[in-house]
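One structure is given below, encoded as structure tokens.
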Amino acid sequence: MKNWRNSLKIYNSLSGEKEIFQPIVKDYIGMYVCGPTLYSEPHMGNMRTFINFDMVYRYLLHLGFKVKYVRNITDAGHITNSLGQETDSIGAAARMEQAQPLEIVYKYNTKFQELQRLYNLLPPTIEPTATGHIQEQIEIIEKIIENGFAYVVNGSVYFDVRKYSEKYNYGILSGRKVDELAEETRTLNAQDEKQFFADFALWKKANPEDMQIWRSPWGDGNPGWHIECTAMSTKYLGKQFDIHGGGMDLKFPHHEDEIAQSCGSFGCNPCNYWMHANMLNVNGQKMSKSMGNFFLPKEIIEGSSPLFDRPFEASVIRFFMMQAHYRSTLDITQDALIASEKGYQRIADAFETLEKLSASPQSSFDVGALVNSFYEAMNDDFNTPVLIANLFEATKKINSINENKEQISAADLELLKTEYRSFTLDVLGLTFSETQNSSEHLEQVMNMVLELRAQVRAEKNWSLADSIRDGLANAGIVVKDGKDGASWDLKN
RNA sequence: GGUCCUGUGGCCGAGUGGCUAGGCAAUGGUCUGCAAAACCAUGUACAGCGGUUCGAAUCCGCUCGGGACCUCCA
């Protein structure tokens, strides 16, 4: 069997090209993904990014890599606004809810953890918090100052972008030019402490109204927004690691500044492959908190979102998202969700059918090629839409085998079972609830009911047979009459 | 204004310089007592206008439309 680990291609935002993935240490991967800021409940757009990187994590694991997956939790509000405005989101939420910052963080972290379970996200290897790594952040800031790429003003520390760009390429990730940044219309206030527009805060002196304050060599204050990721990725993955992920909207300035901080402190780029997941849109526009066009991941499951007439399963939403490539924007609409729901159901049905198939001496089609197509799709920069198209091809085959229109050998059947399971459950992270829902009791009752109905049908008592079917349908059970007996399914 | 992405059949959504993406919907057929499901068949889709090429939806230019980033944002 081919070793698919050697031919994985990843689109690297740094080069703008798909590159063959080569880990720093053979078979081991360090991956860092920017997690949520816990000042409110993450919305569906936030979830899309987490779901996408969960898929990436899952596929890397499926390929047999040993992955250390670090996703941070931002539990410190940050004051990085270039206009010097108060933007401490967590402090603001705390005041609003009349609670301590830690209460806010704890509350939303609990919700976030619950969402992870609901949407079947694998837990990262570690979820470090910003506030738990203040010391590490301070140490990196000290290094940057030592290296001459930062300056201290009135108890605050700023990264010196102009100085940095004499030696390094500021803008290497986002394609921005320092000269162009200088021409920005936005001008520095007279009282601004920054020397240059693009300079950013590494440490910000405390304001009297700040609710979270830490000690530092420069006085009491707060860490800058970008430094926590540098501190935590360095601590858990080293100065250089393999993959760094996050939403497209973090590319600039957040990720650009992370690179600057790593180069400015350790003299090296933090990571080899930068991955950016695209946004979830509503009516063609980015879902965002400030726009107000967002809904919560729980609302859609409960059916309480005004945008949708009825609820959708988390697994259906996952499937819907997997039908689009992670680097494309995706518009979420009710019609699209309904279409996905039906497709998802077909796969779920085939998933069950697959377990019941019986083998023939020979296969009537190339099962190996079909299975390879799963890997080829995913190895091409995690192309889940193509994977799903190929899974639908497999679905047709499964159904055809079930109707004796195709044959499959015992060995091929084993292969198909293993891989179909792996790619739907383990890689795409779908869950098929039917089998779990149906209890022993229901199983036995249904067997009996269908047996009785079969007798009724044998007597050609169609009206009674149909009323049994209608009655079951009302109870949420679908009866499917096949060549050799009827089967049933729970309808959601 | 600067940087960049994008415009695919009724809807969603992949994609490569020439060979069927796929799903949903629709139509016809097979199967069925009927229905559902399943399977088979059916779409001359690539914003517009030029250009490069033997050949472009795929490369280049222009026009029009949509969006993202440049401020916190997944």
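Naming convention: chains lettered A, B, ... in sequence-line order (proteins, then strands); numbering from 1 in each chain. Owing to the predicted nature of the structure, the values given are computational and were not obtained by experimental measurement.
Of the two residues contacting RNA chain B, namely Ala277(A) and Ser174(A), the nearest-nucleotide position lying further toward the 5' end is that of Ser174(A).
We find that CG of Leu464(A) is positioned 14 Å from C1' of G33(B), with the value rounded to whole Å. Rounded to an integer number of Å, the gap from His255(A) NE2 to C72(B) P is 14 Å. Put simply, CZ on Phe252(A) is 14 Å from P on U3(B), counting in whole angstrom units. One atom, NZ of Lys204(A), and another, P of C72(B), lie 11 Å apart when rounded to the nearest Å. In this structure, CG of Asp257(A) is placed 11 Å from P of U71(B), rounded to the nearest angstrom. As a whole-Å value, the separation of Met279(A) CE from A68(B) C1' is 8 Å. In this structure, the CE atom of Met248(A) is 18 Å from the P atom of U3(B), given to the nearest Å. One can place CG of Asp349(A) at 10 Å from P of C39(B), the figure rounded to the nearest angstrom.
G43(B) sits 24 Å from A36(B) when the P atoms are compared, rounded to a whole Å. A gap of 38 Å separates the P atoms of A25(B) and C60(B), to the nearest Å. Look at the P atom in both G9(B) and C4(B): the space between them is 28 Å, to the nearest Å. Nucleotides A35(B) and G29(B) have their P atoms positioned 12 Å apart, rounded to a whole Å. A distance of about 26 Å separates the C1' atoms of C62(B) and C70(B), rounded to the whole Å. Rounded to whole Å, the separation between the P atoms of U8(B) and A45(B) comes to 14 Å. As rounded to the nearest Å, U58(B) and A21(B) have P atoms that lie 16 Å from one another. For the C1' atoms, the distance from G18(B) to A57(B) is 13 Å, rounded to whole Å.
Tested against Phe374(A), the residues Ile388(A), Val386(A), Asn379(A), Asn390(A) include a single side chain to side chain contact (heavy atoms under 4.5 Å, CB included) partner, Asn390(A). The one candidate from Val427(A), Val371(A), Asn372(A), Thr424(A) that meets the side chain to side chain contact (heavy atoms under 4.5 Å, CB included) condition with Glu419(A) is Val371(A).
Evaluation of atom-type donor-acceptor distances gives no pair under 3.5 Å for the side chain of Asp249(A) against the base of C72(B). Contact annotation: side chain of Arg469(A) to base of A36(B), donor-acceptor pair absent below 3.5 Å.
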Using a 4.0 Å heavy-atom cut-off, write out nucleotides 5-22 of chain B from 5' to 3' as B (base contacted by protein), S (sugar-phosphate only) or - (no contact).
-------SSSS-----BS
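For the pair Phe50(A) and A74(B), the ring geometry does not qualify as stacking, because the centroid separation below 5.5 Å and plane angle under 30° are not jointly satisfied.
Checked against U32(B), A74(B), G2(B), the side chain of Arg176(A) finds its nearest nucleotide in G2(B). Of the candidate nucleotides A68(B), C39(B), A25(B), A68(B) has the atom nearest to the side chain of Gln285(A).
More than 12 heavy atoms of other residues, nucleotides or ligands sit less than 6.0 Å from atom CG of Asn474(A). Within a 6.0 Å radius of CD in Glu451(A), no more than 12 heavy atoms belonging to other residues, nucleotides or ligands are found.
The shortest side-chain heavy-atom distance between Val479(A) and Leu450(A) falls under the 4.5 Å cut-off. With a 4.5 Å cut-off on side-chain heavy atoms, Lys397(A) and Phe365(A) count as touching. Residues Leu121(A) and Phe53(A) form no side-chain contact, since every pair of their non-hydrogen atoms from C-beta on lies 4.5 Å or further apart.
The aromatic rings of Tyr69(A) and Tyr57(A) sit tilted, their planes meeting at an angle between 30° and 60°. Aromatic ring pairs are classed by plane angle as parallel below 30°, tilted from 30° to 60° and perpendicular above 60°; the pair His244(A) and His255(A) is perpendicular. Using cut-offs of 30° and 60° for the angle between ring planes, the Phe308(A) and Phe295(A) rings count as perpendicular.
Base contact: Gly45(A) has a heavy atom under 4.0 Å from a base atom. Residue Lys480(A) is classed as a base contact, given a heavy-atom separation below 4.0 Å to a base. Across all strands shown, His254(A) has no heavy atoms under 4.0 Å from either base or sugar-phosphate atoms. When heavy atoms are screened at a 4.0 angstrom cut-off, Asn399(A) is found touching the sugar-phosphate backbone but no base atom. In this structure, Met47(A) reaches neither bases nor backbone, as no heavy-atom distance under 4.0 Å exists between it and the strands shown.
Using a 4.0 Å cut-off, no side-chain N or O of Lys405(A) falls inside it from OP1 or OP2 of C40(B). At the phosphate of C69(B), OP1 or OP2 sits under 4.0 Å from a side-chain N or O atom of Lys286(A).
Pairs of Watson-Crick or G-U wobble type, with distances under 3.5 Å, assemble into runs of 3 or more in RNA chain B at these ranges: B:1-7 with B:64-70, B:10-12 with B:22-24, B:26-30 with B:38-42, B:47-51 with B:59-63.
In this structure, Asp481(A) pairs ionically with Arg453(A), as a charged nitrogen and a carboxylate oxygen lie closer than 4.0 Å.
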Determine, step by step, whether Gln323(A) and Thr384(A) satisfy the side-chain hydrogen bond (donor to acceptor under 3.5 Å, both in side chains) criterion, reporting the C-alpha distance in whole Å, the side-chain angles of both residues, the deciding distance to 0.1 Å, and the verdict.
CA-CA 6 Å; Gln323(A) 279 186 297; Thr384(A) 53; over 6 Å; no
